[in-house]
Protein chains: 4
Amino acid sequence: MKKPWAGRFKESTASSVEEFTESISFDWRLWPYDIEGSIAHTRMLAHQGILKKSEANEIISGLKEIYKEIQEGRFQWKKELEDVHMNIESALIKKIGSLGGKLHTARSRNDQIALDLRLYLRDVTKGIIKDITRFQKKLLSVAEKEASTIMPGYTHLQRAQPVVLGHHILAYIEMLQRDRERYEDALKRIDTMPLGACALAGTTLPTDRTYLARILKFKRVAENSMDAVSDRDFIMEFLSASAIMMTHLSRMAEELILWATEEFSFIELPDAYTTGSSIMPQKKNPDVLELIRGKTGRVYGSLMSLLTTMKALPLAYNRDMQEDKIPLFDTVDTIKAVLSILIEMFPKIRFNRKVMKETSTEGYTLATDVAEYLVMKGVPFRQAHEITGQIVRYAIERGLALEELSLDELKGFSPLIDSDIRDVLNVENAVKRRRSRGATSPAEIKKQIQRFKRIL
Amino acid sequence: MKKPWAGRFKESTASSVEEFTESISFDWRLWPYDIEGSIAHTRMLAHQGILKKSEANEIISGLKEIYKEIQEGRFQWKKELEDVHMNIESALIKKIGSLGGKLHTARSRNDQIALDLRLYLRDVTKGIIKDITRFQKKLLSVAEKEASTIMPGYTHLQRAQPVVLGHHILAYIEMLQRDRERYEDALKRIDTMPLGACALAGTTLPTDRTYLARILKFKRVAENSMDAVSDRDFIMEFLSASAIMMTHLSRMAEELILWATEEFSFIELPDAYTTGSSIMPQKKNPDVLELIRGKTGRVYGSLMSLLTTMKALPLAYNRDMQEDKIPLFDTVDTIKAVLSILIEMFPKIRFNRKVMKETSTEGYTLATDVAEYLVMKGVPFRQAHEITGQIVRYAIERGLALEELSLDELKGFSPLIDSDIRDVLNVENAVKRRRSRGATSPAEIKKQIQRFKRIL
Amino acid sequence: MKKPWAGRFKESTASSVEEFTESISFDWRLWPYDIEGSIAHTRMLAHQGILKKSEANEIISGLKEIYKEIQEGRFQWKKELEDVHMNIESALIKKIGSLGGKLHTARSRNDQIALDLRLYLRDVTKGIIKDITRFQKKLLSVAEKEASTIMPGYTHLQRAQPVVLGHHILAYIEMLQRDRERYEDALKRIDTMPLGACALAGTTLPTDRTYLARILKFKRVAENSMDAVSDRDFIMEFLSASAIMMTHLSRMAEELILWATEEFSFIELPDAYTTGSSIMPQKKNPDVLELIRGKTGRVYGSLMSLLTTMKALPLAYNRDMQEDKIPLFDTVDTIKAVLSILIEMFPKIRFNRKVMKETSTEGYTLATDVAEYLVMKGVPFRQAHEITGQIVRYAIERGLALEELSLDELKGFSPLIDSDIRDVLNVENAVKRRRSRGATSPAEIKKQIQRFKRIL
Amino acid sequence: MKKPWAGRFKESTASSVEEFTESISFDWRLWPYDIEGSIAHTRMLAHQGILKKSEANEIISGLKEIYKEIQEGRFQWKKELEDVHMNIESALIKKIGSLGGKLHTARSRNDQIALDLRLYLRDVTKGIIKDITRFQKKLLSVAEKEASTIMPGYTHLQRAQPVVLGHHILAYIEMLQRDRERYEDALKRIDTMPLGACALAGTTLPTDRTYLARILKFKRVAENSMDAVSDRDFIMEFLSASAIMMTHLSRMAEELILWATEEFSFIELPDAYTTGSSIMPQKKNPDVLELIRGKTGRVYGSLMSLLTTMKALPLAYNRDMQEDKIPLFDTVDTIKAVLSILIEMFPKIRFNRKVMKETSTEGYTLATDVAEYLVMKGVPFRQAHEITGQIVRYAIERGLALEELSLDELKGFSPLIDSDIRDVLNVENAVKRRRSRGATSPAEIKKQIQRFKRIL
């Protein structure tokens with residue numbers, strides 16, 4: 001098949017080269033954006049008198065027909081036409097004749113692909129922002145339900161202090177809030193109009209890029225033509241934001257996997273969201289969560305992939321940049337699938353409040369409260385910490401909980417300890433008394449829930 | 001040496017464990033922030049009546065003395081005291097006695113290190129933003145000087161179209177502008193006050209985190225104590241922004257290395273910014289640029305390092321997170337050194353305007369202009385492209401430049417070609433006529449220079 | 001559709017979960033290995049009397065029919081059957097009835113997938129080793145043709161000393177030799193038989209894994225059942241070897257891209273292996289090479305992806321490990337495509353021997369020879385280096401080549417310089433005189449070519 | 001300070017450039033290898049008559065003195081001398097005068113650094129191989145002690161089947177065995193002699209590289225001078241092997257962290273190998289293990305760093321390659337520290353055999369045994385799996401263990417179940433009956449222990 005750029009060539013492209021360099025097998029998904037961009041471009045060309053009105057109308061009708069054909073699955077993509085742009089342009093020329101050849105006036109595939117990617121990613125990012133918000137809302141309603149469910153809080157995966165489950169879930173809402181912010185910040189830079197940069201230097205034809213930006217609803221215009229076709233940091237930034245969000249979701253997945261073990265028994269996953277074993281009849285596995293955790297690697301890998309590809313490329317466009325698409329599309333698909341399944345699954349998790357509460361004071365998790373009790377009685381914290389450490393050691397050696405020590409035993413460690421220590425060694429109190437801003441008391445949690453109700 | 005947390009332990013820490021877990025060998029650099037944080041914390045404790053005014057004053061004086069000792073190199077860091085926090089606290093206790101033990105009231109190392117890191121990174125990020133701006137200004141003055149220097153523009157490292165050197169440099173200013181924006185966006189999330197989250201759950205003591213945030217000049221307060229001590233995405237985001245900027249700088253370095261080859265001969269690097277060879281007496285190597293390009297790997301690696309470390313960590317603090325510091329510090333040092341040397345070196349590069357201009361039309365770089373000339377005469381672009389391709393092939397076969405073809409020869413390809421083609425085949429005109437927004441004409445470049453003069 | 005493990009479940013799997021957890025959309029490509037493994041497993045079960053001979057025969061016939069159906073495109077893969085294993089097993093049961101249910105005796109999908117992957121990767125790796133050898137042979141024949149073609153050798157991309165093109169190409173053959181070795185070393189660990197580990201603990205049934213290994217032609221048996229199903233380092237190692245090879249190929253691609261520039265003009269790529277521009281009629285771009293360079297990022301990303309996924313997974317199988325396939329398959333496809341196009345394209349590159357030779361002495365590349373000439377006359381190398389440096393500076397200031405300096409001028413720098421310096425300042429001699437082992441003299445190159453003829 | 005390559009330069013190096021390009025702050029650690037290499041080089045020069053015997057002796061004495069000075073801390077490293085090579089050479093010249101300037105005859109820093117790195121890494125790798133072996137031995141003696149300790153085996157972190165602790169530990173010995181093999185394979189390629197490649201092209205002087213390789217005890221000689229100075233895959237391969245080993249150690253660390261939780265309570269870490277909390281007096285944290293897990297990121301990052309740095313570098317040496325050292329040295333330090341602390345700590349872990357055994361049958365982990373029991377009675381496995389699934393569901397609904405079901409209840413699911421089922425529902429039997437090669441029966445474990453006793 002004759003290439004649109006064949007004029008200067010004596011030999012035709014080797015078929016192995018066609019196979020090796022084609023991108024249509026993956027960039028076809030940009031088709032709605034490619035056509036949207038071409039229609040806008042045609043309108044601009046007409047607006048500037050580069051095309052006649054009637055020519056523009058004919059081109060636009062042709063493009064709309066192609067849109068419909070693709071939408072209805074009647075369009076045939078061809079590898080020998082390399083990419084989504086050439087496939088659509090060729091179809092147009094076939095449909096409306098040589099007039100179709102006017103579409104590519106004052107543009108290059110270099111700025112065209114930049115436009116398609118930005119239209120696509122603008123859409124996708126807005127969708128992801130909405131999905132995050134939806135997920136936050138689901139989490140928020142769980143947090144509200146569990147706003148006084150006491151559980152052990154962990155550091156180093158060792159029980160540390162009692163916390164409230166709603167508080168723990170709010171921590172994830174906070175993380176997602178930052179993730180959303182990051183996508184929103186990325187969106188500012190995604191939402192930039194590159195078309196009209198042409199190959200790299202702009203054009204000698206009297207185009208109007210400001211007009212183009214307006215009809216394509218872009219907030220910014222890429223102000224340097226060489227940069228416009230070389231810039232892929234809008235994708236790198238999207239991938240970074242995604243990698244960071246996956247870190248968060250991997251942490252959540254890890255915790256839920258732990259909580260679903262027989263050992264923790266904090267949650268039960270509904271049958272519909274677990275899978276069995278081909279050999280062990282009793283198994284009920286948290287596969288969805290494991291896959292989320294596992295897919296984190298995939299998103300990190302995609303980020304690393306694009307960073308590497310872009311490293312040390314001279315200006316302006318280089319074909320290496322075609323390798324931006326696979327990591328981008330794969331990340332988009334991953335992120336969307338992961339958010340979608342979490343939105344559906346999370347609210348169906350059953351929490352074993354009883355187990356959570358019972359274990360919340362095991363492991364001497366009220367020791368800090370004792371130390372702070374002593375501080376309030378005037379003992380310097382370091383000394384209070386030391387005294388309480390000795391109490392804990394004493395209790396461990398006797399196999400007793402702190403609550404089970406007698407007042408006399410406690411007084412043996414410090415005369416300042418009195419009967420009011422009983423209030424301290426009570427888990428409900430322990431949680432309630434953590435009233436500092438952002439702390440785990442139900443009162444404070446309520447405030448945070450209200451805050452997010454306003455934000456979301 | 002007795003550990004501050006030794007109360008509950010029977011055995012003392014193995015010295016190999018001290019060696020393995022210590023962080024003082026690298027976190028010492030946080031000392032000014034650690035002391036700043038401790039002073040603010042003391043003031044808050046006094047403000048809330050948890051400490052007496054006099055106690056607070058004594059603690060603050062002690063801390064200020066330690067500050068001075070460190071500043072003057074009179075302070076001895078000890079590995080067996082693990083980290084910067086314990087080193088300073090121990091020194092305080094040694095200095096002012098058991099009162100020093102009150103400093104750690106209502107805080108944990110978990111929120112303390114988060115505070116130190118944020119104070120540090122807030123400072124650093126602001127500094128980097130300033131450095132980027134300075135570098136942009138330097139570039140801008142070069143761009144202004146070279147606002148009509150014609151050179152070949154490249155795609156696929158093949159000469160594509162003539163561009164203006166100032167335009168090329170403006171492309172880098174654009175990239176840096178986005179880098180700056182990314183750091184500014186990251187700063188919003190860095191500038192968040194975590195102290196008071198304590199271990200993970202807040203405290204039972206009557207602290208005031210809002211007050212703390214105010215005196216430490218934080219824009220936000222971390223609103224969830226578990227998140228406050230678990231969150232490292234402010235570092236991941238900083239590393240991402242840095243990785244993307246290094247991509248840009250690696251591209252610039254690559255270009256300058258190419259331009260400094262005998263083959264391109266576009267620039268000459270001053271002797272003071274090159275180095276020689278231990279064996280080859282004639283060599284003058286662009287080592288600085290190569291190292292910048294090479295250090296890109298280091299920053300990517302640091303990003304990957306932290307992402308991996310944070311993957312799938314359950315809440316809240318885990319010791320793994322100590323591994324955030326090396327990649328952060330190494331990236332900060334790298335970024336600052338790279339910007340600093342570029343600020344100094346870039347303005348000293350000599351551009352060989354003559355070579356640039358001469359080569360700017362070699363390789364038939366005005367072919368697009370011929371095609372656009374035909375478009376303006378009514379030929380559909382695809383056909384115009386085909387005709388021009390044939391002209392180029394004809395010229396190559398005869399070893400002629402486009403300018404060297406006779407009008408008759410040209411007319412042979414299209415009767416629409418006339419004597420006005422001579423204006424098109426003139427590189428100054430070619431550049432001037434690219435007047436579209438963001439294109440390479442000197443007029444447009446001037447506008448962009450003005451724009452950046454306003455912004456920077 | 002009822003799951004094979006549904007016995008214990010009350011709810012059926014959510015369809016979103018089916019969608020999220022399925023692997024058939026990518027693991028279908030393992031089908032020939034899955035069937036090969038199942039046939040061997042069946043033979044072993046019969047050999048051990050766990051199946052009757054007749055049962056085994058019936059199962060094997062069924063599997064062979066399925067093999068044929070898939071081969072001929074008549075098999076329908078179903079997402080709701082999750083993976084390649086269940087798709088094939090279900091088809092078997094449908095075909096031969098409940099007897100088909102005996103196939104999965106004494107195995108689990110955990111060891112089955114490990115087996116499939118190892119059979120697949122053993123095949124693939126052997127194929128890649130062959131491809132590397134073929135590529136080395138192609139390079140060797142080019143090296144032989146260019147065994148006395150002189151060109152400039154570079155360090156820091158600055159001309160350093162004259163070398164021979166054949167020598168340069170031999171450097172790539174060396175790199176590929178190490179790559180081949182690495183794949184061969186990886187193969188030792190890939191070629192290990194995991195089947196029979198079952199879920200993780202082996203089986204109570206009287207299987208014979210040694211027999212299995214023999215009929216499947218494995219060199220080793222996985223000697224620990226928990227390790228057998230948890231181990232994915234055979235894939236990580238394959239990805240590492242691939243990442244390192246891509247580093248080499250990216251370096252080769254970079255050089256060829258440079259050499260194909262107008263500035264270097266060392267090579268010309270055949271039209272059939274370049275592509276044009278949609279806008280610039282004169283362009284002839286080295287897209288294939290750029291894509292090879294770009295795909296390096298993709299392979300690095302895949303390595304990072306799997307490393308991250310496997311980090312900190314407890315034993316034994318976790319579903320995260322399903323994420324091993326995409327990075328593996330993508331890397332295999334990339335590596336094979338890259339090698340294949342290089343094997344085809346490299347021998348068609350035309351070298352511009354004239355340009356190479358002419359530029360080989362530009363840039364004072366014989367300066368080292370002058371210094372070594374002085375060393376042979378007794379001057380300490382450091383002093384000889386200094387003297388030659390001054391000669392070079394003198395020549396640069398006068399715009400002369402070293403060869404153009406008069407004997408008197410040269411003597412001015414050292415009285416030891418005599419008329420025999422003329423022999424030194426001759427590029428053919430310069431190359432010939434580098435006779436040390438592995439150096440660039442044609443004589444030494446011939447030896448290396450002979451060596452590789454023996455090896456390959 | 002005058003540079004050794006200053007001859008050709010008019011301006012002296014900017015001090016900022018000295019600062020930016022220096023490597024002495026990290027490459028100083030190569031000094032013993034640098035001196036070893038220089039002595040061998042001197043001996044070769046003398047052997048070839050390029051140096052007089054007496055000259056060589058004087059140089060070697062000087063180098064040995066410098067060796068002693070460094071060893072005793074009396075040597076002063078200078079940044080303005082760039083690197084370890086120039087520091088030592090300058091000291092030599094200062095010590096023995098201009099004769100010292102003969103040392104650098106017929107070598108370049110390009111091949112010198114390659115030599116130093118290979119000598120260093122050969123040593124380091126051998127040391128790591130020994131450390132792995134030592135660790136395996138420690139693990140083996142624990143495995144032997146726990147050769148009949150029953151514990152739950154996990155898949156998906158859900159209890160799957162009972163296994164033996166010794167078997168679990170043997171899985172790690174297997175992983176380390178492959179790690180050791182990988183380092184051994186890497187060693188073949190590390191152990192290659194690059195010296196004599198000089199800058200990139202070899203030398204015109206009559207050197208003998210074979211002699212050099214012999215006295216430096218290298219197994220191979222780098223057979224291509226351009227490759228010899230460009231090759232860093234010996235480091236990349238070392239980093240890959242390290243990254244894979246860290247994956248293993250991160251998995252082990254993760255398991256031990258889980259086992260040390262109150263929830264699992266499988267192990268207790270000795271006080272000396274845990275650390276406390278600055279705020280929570282009761283805490284005993286597995287910091288060492290967390291840091292091992294966390295440092296995995298660091299090693300992955302270093303691998304990614306070097307891969308990126310080396311991507312697309314043209315031959316031969318480029319200054320970018322100086323960035324190979326930090327990731328290498330950091331990984332060496334990390335790997336050695338991690339192995340060393342594990343060797344020390346692992347044998348001190350106390351296993352709670354009682355808890356392990358008790359939990360080993362919780363979660364219906366003998367269900368597979370029931371299914372295999374049915375298989376032995378002629379039920380196709382799929383049907384047996386289904387039946388057992390129903391039994392498990394029945395038992396769960398009644399809150400009973402499998403062992404607690406009556407024979408009648410069991411017969412209700414299949415008439416083939418008889419009183420011999422009691423033997424099956426016994427955990428000791430369950431483990432003993434897994435006799436297949438590599439399975440978890442104590443008998444099989446004993447075989448594996450014997451095997452490793454032979455190997456290690």
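Heavy-atom basis, side chains included; hydrogens, waters and symmetry copies ignored.
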Next on the checklist: Rounded to the nearest 0.5 Å, what separates atom CG in B/Leu239 from atom OG in A/Ser240?
Outcome noted: 10.0 Å

Next on the checklist: For A/Thr296, which atoms come within 4.5 Å of any heavy atom of chain B: side chain, backbone, both, or neither?
Outcome noted: side chain

Checklist entry - After noting the C-alpha distance and the side-chain angles of A/Val375 and B/His104, does the key distance pass the side chain to side chain contact (heavy atoms under 4.5 Å, CB included) rule? => result CA-CA 11 Å; A/Val375 164; B/His104 209 58; over 6 Å; no

Checklist entry - Counting distance only, does the side-chain N/O of A/Ser225 pair as donor-acceptor with the main-chain N or O of B/Gly438 below 3.5 Å? => result yes

Next on the checklist: Ignoring hydrogens, what is the shortest heavy-atom contact between A/Leu157 and B/Asn318? Give both atom names and the distance.
Outcome noted: N-OD1, 3.9 Å

Checklist entry - Which atoms of B/Asp233 come close to chain A, meaning under 4.5 Å heavy atom to heavy atom: side chain ones, backbone ones, both, or neither? => result both

Checklist entry - Is it true that B/Arg437 and A/Asp208 have a side-chain N and a carboxylate O under 4.0 angstrom from each other? => result no

Checklist entry - Which region of B/Ile391, side chain (C-beta onward) or backbone (N, CA, C, O), has a non-hydrogen atom less than 4.5 Å from a non-hydrogen atom of chain A, or is it both or neither? => result neither

Next on the checklist: Please classify the contact between A/Ala197 and chain B as side chain, backbone, both or neither, with a heavy-atom cut-off of under 4.5 Å.
Outcome noted: neither

Checklist outcome for this item: Closest non-hydrogen atoms of B/Ala199 and A/Gln161, given as atom of the first, atom of the second and distance, are CB-NE2, 3.9 Å

Checklist entry - For A/Leu307, does its backbone N or O pair with a side-chain atom of B/Tyr300 as donor and acceptor, under 3.5 Å? => result yes

Item to check | Among the listed options B/Val164, B/Leu103, B/Leu205, the residue most often paired with chain A at heavy-atom distances under 4.5 Å | outcome: B/Leu205

Item to check | Pair B/Glu254 + A/Lys311, salt bridge at N-O below 4.0 Å | outcome: no

Next on the checklist: Set out, in order, the CA-CA distance, both residues' side-chain angles and the distance that settles side chain to side chain contact (heavy atoms under 4.5 Å, CB included) for B/Thr105 and A/His385, then state yes or no.
Outcome noted: CA-CA 10 Å; B/Thr105 309; A/His385 184 287; over 6 Å; no

Checklist outcome for this item: Looking only at A/Ser441, A/Ala171, A/Ala430, most heavy-atom pairs under 4.5 Å shared with chain B are made by A/Ala171

Next on the checklist: With a 4.5 angstrom heavy-atom cut-off, is it the side chain or the backbone of A/Arg209 that approaches chain B, or both, or neither?
Outcome noted: side chain

Checklist entry - Is it the side chain or the backbone of A/Asp185 that comes within 4.5 Å of chain B heavy atoms, both, or neither? => result both

Item to check | Heavy-atom pair count under 4.5 Å with chain B, highest-scoring of A/Leu99, A/Asp320, A/Thr388, A/Val221 | outcome: A/Val221

Item to check | Donor-acceptor under 3.5 Å (B/Asn224 side chain, A/Ala439 main chain) | outcome: no

Next on the checklist: Quick check: closest heavy atoms across A/Gly378 and B/Lys102, and the distance to 0.1 Å?
Outcome noted: O-NZ, 3.6 Å

Checklist entry - Measuring heavy-atom distances to chain B, does A/Lys188 have an atom under 4.5 Å in its side chain, in its backbone, in both, or in neither? => result side chain

Next on the checklist: Using heavy-atom distances under 4.5 Å, tell me whether B/Glu184 contacts chain A through its side chain, its backbone, both, or neither.
Outcome noted: neither

Checklist entry - Which value, rounded to the nearest 0.5 Å, describes the distance between A/Arg319 atom CZ and B/His156 atom NE2? => result 7.0 Å

Next on the checklist: One pair to check against side chain to side chain contact (heavy atoms under 4.5 Å, CB included): A/Met310 and B/Arg251. What are the steps and the verdict?
Outcome noted: CA-CA 8 Å; A/Met310 294 303 295; B/Arg251 300 181 78 175; 3.4 Å; yes

Checklist outcome for this item: Honestly, the part of A/Gln177 sitting under 4.5 Å from a heavy atom of chain B is neither

Item to check | Residue part contacting chain B, namely of A/Glu181, when any heavy atom lies under 4.5 Å | outcome: both

Checklist entry - Measuring heavy-atom distances to chain B, does A/Leu249 have an atom under 4.5 Å in its side chain, in its backbone, in both, or in neither? => result neither

Checklist entry - Between B/Asp227 (side chain) and A/Tyr172 (backbone), is there a donor-acceptor pair under 3.5 Å? => result no

Checklist entry - If you count heavy-atom pairs under 4.5 Å with chain B, which of A/Ala253, A/Ala241, A/Gly101, A/Ala384 comes out on top? => result A/Gly101

Checklist entry - Would you call B/Glu89 and A/Arg382 a salt bridge, using N to O less than 4.0 angstrom? => result yes

Next on the checklist: How long is the straight-line distance from CZ of A/Arg451 back to CD of B/Glu223, given to the nearest 0.5 Å?
Outcome noted: 4.5 Å

Next on the checklist: Give me the atom names and distance for the closest heavy-atom approach of B/Ser436 to A/Thr203.
Outcome noted: OG-N, 3.5 Å

Checklist entry - For the residue pair B/Pro380 and A/Ser98, what are the closest heavy atoms and their distance? => result CB-O, 3.7 Å

Item to check | Heavy-atom donor-acceptor pair, B/Glu255 side chain to A/Pro314 backbone, under 3.5 Å | outcome: no

Next on the checklist: Only pairs of heavy atoms separated by less than 4.5 Å count here; which of A/Gln383, A/Arg435, A/Met304 has the most with chain B?
Outcome noted: A/Met304

Checklist outcome for this item: Honestly, the part of A/Ser230 sitting under 4.5 Å from a heavy atom of chain B is both

Next on the checklist: So for A/Ala312, is it side chain, backbone, both, or neither that comes closer than 4.5 Å to the heavy atoms of chain B?
Outcome noted: both

Checklist entry - Most heavy-atom pairs under 4.5 angstrom with chain B, which of A/Thr204, A/Thr155, A/Ile244, A/Leu306? => result A/Thr204

Checklist outcome for this item: Turns out that what part of A/Thr210 lies under 4.5 Å from chain B's heavy atoms comes down to both

Next on the checklist: Between A/Arg182 and chain B, with a heavy-atom cut-off of 4.5 Å, which part of the residue counts as in contact: side chain, backbone, both or neither?
Outcome noted: both

Checklist entry - So what's closer than 4.5 Å to chain B heavy atoms on A/Arg189: side chain, backbone, both or neither? => result side chain

Checklist entry - Can you name the closest pair of heavy atoms from B/Arg434 and A/Ala201 and give their distance? => result CD-O, 3.2 Å

Checklist outcome for this item: Honestly, the part of B/Ile93 sitting under 4.5 Å from a heavy atom of chain A is side chain

Checklist entry - If you count heavy-atom pairs under 4.5 Å between each of A/His248, A/Glu444, A/Met246 and chain B, which one has the most? => result A/His248

Checklist outcome for this item: In terms of heavy-atom pairs under 4.5 Å with chain A, the winner among B/Thr440, B/Ile445, B/Asp231 is B/Asp231

